[in-house]
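Chain letters run A, B, ... following the sequence lines, proteins first, then strands; residues in each count from 1. Worth knowing before you read on, the calculation uses all heavy atoms, side chains too, and leaves out hydrogens, waters and symmetry mates.
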Amino acid sequence: MAKSASNKAFLLGYRLYIVAFFIFLAAPLVAAATFAFNDSLFPSLPWQGFTLDWFFNDTEPKLGMFHDRRLLRGLYYSAIIGVMVSGLSVFVGTTNAFLFVRGNFPAKNFFYIIMILPLVIPGVILGISILVMASNIANGVEDRFDYELEFLRPGILLVVLGQFSFVTTITSLVITARLKKFDYTMEEAALNLGASRAQVLRTVTLPFLRPAMIAAGIVAFLVSFENFNTTLFLVGSESPLTITMYDRMAKVGSTPVLNAVSFFLIVGSGLLALISVIVQRNAPAD
Amino acid sequence: MQSDIRRLSLILLFAPFALWIFLLIVLPHIGMIALSLREKVAPRVYEFGFGNYIDFIQEPIYWNTLLRTGSMSILVTFLALLIGFPIAYYIAKIAGQRSKGALFLLCLIPLWVSDLIRAFGWILLLRETGVASTFLQWTGAIDQPIEFLYNDITVVVGLVYTVILFMIVPLVSTLDGMDDAMVEAGYNLGGSGFTVLRRIIIPYAMPGIVSGCIVVFMLTAGSYLTPILLGGKNSSWFTEQIYDQFITRFNWESGAAFGFLLLAFTSLVVWLGLRLTGQTLANTVAKS
C-alpha cells in the first residue's frame with residue numbers, strides 16, 4: 001500500500017517534470033513569436049495591443065516584413081540556397097545509399113566512417129577550410145593566368161558547397177536506412193518479368209525510396225535554411241536570411257519585425273518538419 | 001560482361017562519394033593545416049614554421065579560451081544527458097501509444113527552428129527590459145530591473161536548450177527498441193529501481209547515450225550564436241576567436257591554426273569518449 005502511494009507520488013512528480021520541460025522548450029519560441037503581434041516599437045512588455053503591422057505595414061518606422069526589401073532578399077537567397085543544397089545532397093545521398101548497401105569494395109567500413117565524419121566536424125571549421133581552399137585556387141589562377149575566378153570568392157556557390165559538405169551525411173543516412181529495408185525479391189521479380197535494369201530502377205526501386213528521399217530533401221532544406229556557422233565564413237554580398245537577421249540583431253537592435261520573421265520561420269519549419277515526419281511514417285514497410 | 005557492368009556501376013556510384021569527400025572534406029582540411037603552418041616574414045612572403053601554434057601557446061587568452069570552451073561543452077553535454085534522459089525514457093517507455101507520438105513530434109519540431117531564433121527568444125525573456133524582469137517587478141519580488149543575460153549560467157542554460165533535442169531524439173530511438181520484459185525481469189529478481197536503471201536500462205541505452213553525447217558535444221564546442229548572443233562580449237568562446245582572426249584581423253594563418261586546434265581538441269574528446277565506453281562511430285552516430 002505504502003509502496004503504491006509512493007509510486008503514485010513518483011509518477012506525478014515525473015509527469016510534472018515532463019510538463020516543466022516542455023514549457024522550457026516552448027518558452028523562448030513563444031516569446032519570439034508573440035511579440036510579432038505587439039503594437040509597439042520594441043519587442044518587450046508592456047503589451048500595447050494586437051497588430052499585424054509587423055507583417056504587412058508598408059511605412060517606416062513600422063515596416064512590416066513583407067515590405068522590408070532586405071529581409072525579403074534574405075528569404076529569397078535562403079530559399080535558393082536551400083533548394084540547391086537539398087537537390088544536390090539528395091542526389092549524392094541516394095548514390096551513397098546504393099554504394100554502401102549494394103556495393104562490395106575493399107575497406108567499405110572505413111569509407112562508411114569517413115561518410116559519417118562531416119557530421120561531427122564543427123561547422124565553423126568546414127566553413128573556414130572551404131573558404132581557404134577556394135581562395136587558394138582563385139589566387140593561384142589569378143597569379144598565374146591573370147584571370148579572376150569570381151565564383152570561388154565568398155558567395156552563393158561557396159555557401160551551397162559548405163552546407164552540402166555536411167548535409168549530405170544526413171541525407172545519406174536517411175536514404176541508406178530505407179534502402180536497407182528493401183526486399184530484393186521485388187527487383188528479381190521485375191527482372192524475371194522481362195524489365196531492363198533501368199526500368200526496374202525507375203519503376204520499383206526509386207518509388208520505394210521516394211518517401212525517404214522526400215524526407216531527406218526536406219530535412220536538408222531545413223538544415224540549410226537555419227545554418228549559420230558554416231555560412232558565416234562563406235557568405236558574400238548575397239546574405240541569406242539568418243545572416244541578415246543576425247546583423248540586424250547585433251548592430252541595429254531589434255524591432256518586432258524580427259519577431260514577425262521568427263513567427264514566420266517557426267510556423268514554416270514546423271510545418272515542413274511535420275510533413276517530413278508524416279511522409280516517412282506513412283511509407284509502406286516493404 | 002556481367003562483371004564489367006557491375007564494376008562500371010560501382011565506379012559510377014563511387015564517383016560522387018569520392019568527389020564529395022575529397023574535394024569538400026579532405027582537400028580543404030589539408031589546405032587549412034598547410035596554411036596554419038605558414039609564417040609571414042614580410043608582406044606576401046611566407047615560410048614554413050610553427051609560429052602560429054607557438055603564438056597560441058604563449059598567449060594565455062587563447063588557450064584559456066579553448067580550455068574554457070572545452071570544459072563548458074563537457075558540462076553542457078553532461079547536463080543535457082541528465083535532463084534529457086528522463087524525458088526520453090518517458091516518451092519511449094511510459095507514455096501511452098498516442099501521447100508518445102505527439103510528444104516525440106513536439107521534440108522534433110523545435111529541432112529545426114534556427115539557433116538564432118531560439119537565442120533571440122531567450123534575449124527577449126531574460127534581458128533587463130525583458131519578460132522575466134518585468135514580471136518579477138510586477139509581482140514585487142524585485143524593485144529594480146535585473147539583467148539575466150551576459151553571464152555564464154545563462155550561456156550554459158541557453159546551450160543546453162539549443163542542443164538537448166539532439167540528445168533526446170537518439171535516446172528515444174534506442175530506448176524504444178528495449179523490451180519491457182527486461183526491466184520487469186530486473187524487478188522480479190529483486191532489483192531496486194536504481195539497480196535496474198544502472199544494470200539494465202543504461203547499458204542497453206549506451207549506443208544512444210554515446211551518440212547523443214558526441215553530437216551534443218561537437219555542436220556545443222562549435223557553436224557560435226548562442227555564446228555570443230547570450231554571453232555578450234565576454235563570452236570568450238573559441239569559435240569567436242577563429243572568427244576574429246579570420247574576418248576581423250584578416251590573419252588567416254593564425255585562424256587556420258585555431259581551427260585545426262579546435263578540430264584536434266574536439267576529436268580527442270570524442271575519441272576518448274568512444275574509447276572509455278567501448279563504442280564506435282559506426283554503431284552510435286550513424287544509427288540515430
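- No other option in A:F22, A:F105, A:F164 has as many heavy-atom pairs under 4.5 Å with chain B as A:F22.
- Note: A:F21 CZ to B:C107 SG = 5.5 Å, rounded to the nearest 0.5 Å.
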- A:S165/B:I25 under side chain to side chain contact (heavy atoms under 4.5 Å, CB included): CA gap, chis, key distance, verdict: CA-CA 7 Å; A:S165 72; B:I25 306 293; 4.1 Å; yes

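- Top candidate by heavy-atom pairs under 4.5 Å with chain B, chosen from A:T94, A:V124, A:V261, is A:V124.
- The nearest pair of heavy atoms linking A:I128 to B:I242 is CD1-CG2, 4.0 Å.
- Aromatic pair B:F14/A:F111: centroids less than 6.0 angstrom apart.
- Side-chain atoms of B:Y161 come within 3.5 Å of backbone N or O of A:L25 as a donor-acceptor pair.
- Remark: side-chain polar atoms of B:Y243 are not paired, donor with acceptor, to backbone N or O of A:F233 under 3.5 angstrom.
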- Show the numbers, then the answer: is there a ring-ring contact (aromatic ring centres under 6.0 Å, His included) between B:W122 and A:F24? CA-CA 11 Å; B:W122 280 118; A:F24 170 68; 5.7 Å; yes

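- By the 4.5 Å heavy-atom criterion applied to side chains, B:M218 and A:I121 are not counted as neighbours.
- B:F120 is not listed as a side-chain neighbour of A:L29, based on a closest heavy-atom distance of 4.5 Å or more.
- Side-chain contact check for A:L161 versus B:L24: some heavy-atom pair is nearer than 4.5 Å.
- In this structure, the side chain of A:N136 does not engage the main chain of B:G31 through any donor-acceptor pair within 3.5 Å.
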- Message: Please determine whether ring-ring contact (aromatic ring centres under 6.0 Å, His included) holds for the pair B:F17 and A:F100, giving the CA-CA distance in whole Å, both sets of side-chain angles, and the decisive distance to 0.1 Å.
- Response: CA-CA 10 Å; B:F17 172 77; A:F100 284 102; 5.3 Å; yes

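- A donor-acceptor pair under 3.5 Å is absent between the side-chain atoms of B:W252 and the main chain of A:V132, judged by distance alone.
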